[in-house]
Amino acid sequence: MTVINPERDMTRNFTLSVTAAAGAVFGLFVGTAQGSGLIGVVMGAILCAVICFVMLYVFGVGRERPARWAAVAVLAVSGFSLGWVPGMVVGALFGWFIGWFSFWLGRARYRVALPPYLTSGQVLWFYTFRCIAGSIFIFLITPIIVVMPLSFNAQDFFTFTPEMLR
């Protein structure tokens with residue numbers, strides 16, 4: 001792939017606020033599972049903004065790989081404290097995403113493969129359209145995945161046998 005736009009540093013306000021918004025979404029899931037969605041949103045936003053700040057402005061671009069692994073470790077330990085091994089796995093996945101997302105935003109890698117003449121609104125629409133299309137794809141595929149095991153059932157329509165539940 002040809003690089004059209006070089007990497008550059010984005011402003012701290014943009015990077016930290018968008019990463020905090022992603023952390024708020026993660027915190028909503030975790031907080032709702034723990035019984036308080038609002039606390040989860042606030043804690044997720046703060047935690048992900050702090051992790052992003054440390055990765056970009058303390059570790060820096062030269063040490064991107066250790067910074068990403070540190071994000072995975074921090075969120076895996078946080079997940080383990082909230083939900084044991086399943087929480088650790090989910091936390092590690094969130095850490096992997098935040099590690100990648102922070103550098104993707106902070107170094108303006110989202111603009112690298114796009115034409116340089118696009119406005120900010122056009123870039124926003126490009127990625128918004130991709131999210132909408134991905135959501136529609138998931139919405140259409142999920143019922144098929146749910147119905148497939150049920151189609152091999154010898155019982156009445158949409159019943160689970162004890163063997164299927166085991």
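It should be emphasised that the depicted structure is a prediction, and the values quoted were computed from it without experimental measurement. Numbering of residues begins at 1 and proceeds along the displayed sequence.
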Reported CZ-to-CE distance for the pair R63 and M55, which is rounded to 0.5 angstrom: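 Going from CZ on R63 over to CE on M55, the span is 13.0 Å.
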Distance, nearest 0.5 Å, that separates OG of S102 from CZ of R68: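 CZ of R68 is found 9.0 Å from OG of S102.
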Lys NZ or Arg CZ of R109 over F103 ring: under 6.0 Å, within 45°: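 Relative to the ring axis of F103, which defines the angle, R109 lies outside at least one limit.
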Between CD1 on residue I51 and CD1 on residue I46, distance to nearest 0.5 Å: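 These two atoms lie 12.0 Å from each other.
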Q122 side chain to T119 backbone, donor-acceptor under 3.5 Å: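 Flag set: sc Q122 to bb T119 pair under 3.5 Å.
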Sidechain-backbone polar pair: S81 side chain, S78 backbone, donor-acceptor under 3.5 Å: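 Yes, S81 side chain to S78 backbone: donor-acceptor pair under 3.5 Å.
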Test salt bridge (Lys or Arg N to Asp or Glu O under 4.0 Å) applied to R107 - qualifying residues, sequence neighbours left out: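 Result, salt bridge (Lys or Arg N to Asp or Glu O under 4.0 Å) vs R107: E7, D9.
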Check: F97 ring centroid to F26 ring centroid under 6.0 Å: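 Distance test on ring centres: under 6.0 Å, yes.
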Side chain to side chain, Y127 and I132, heavy atoms closer than 4.5 Å: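 Result no, sub-4.5 Å side-chain heavy-atom pair not found.
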Approximate separation, where rounding is to 0.5 Å, of F126 CZ and R111 CZ: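 The CZ atom of F126 sits 11.5 Å away from the CZ atom of R111.
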Within the 6.0 Å centroid threshold, strictly below: Y110 and W100: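 Ring centroids of Y110 and W100 are no less than 6.0 Å from each other.
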Pairwise side-chain contact, L75 with L47, heavy-atom cut-off 4.5 Å (strictly under):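 Yes, close enough: below the 4.5 Å cut-off.
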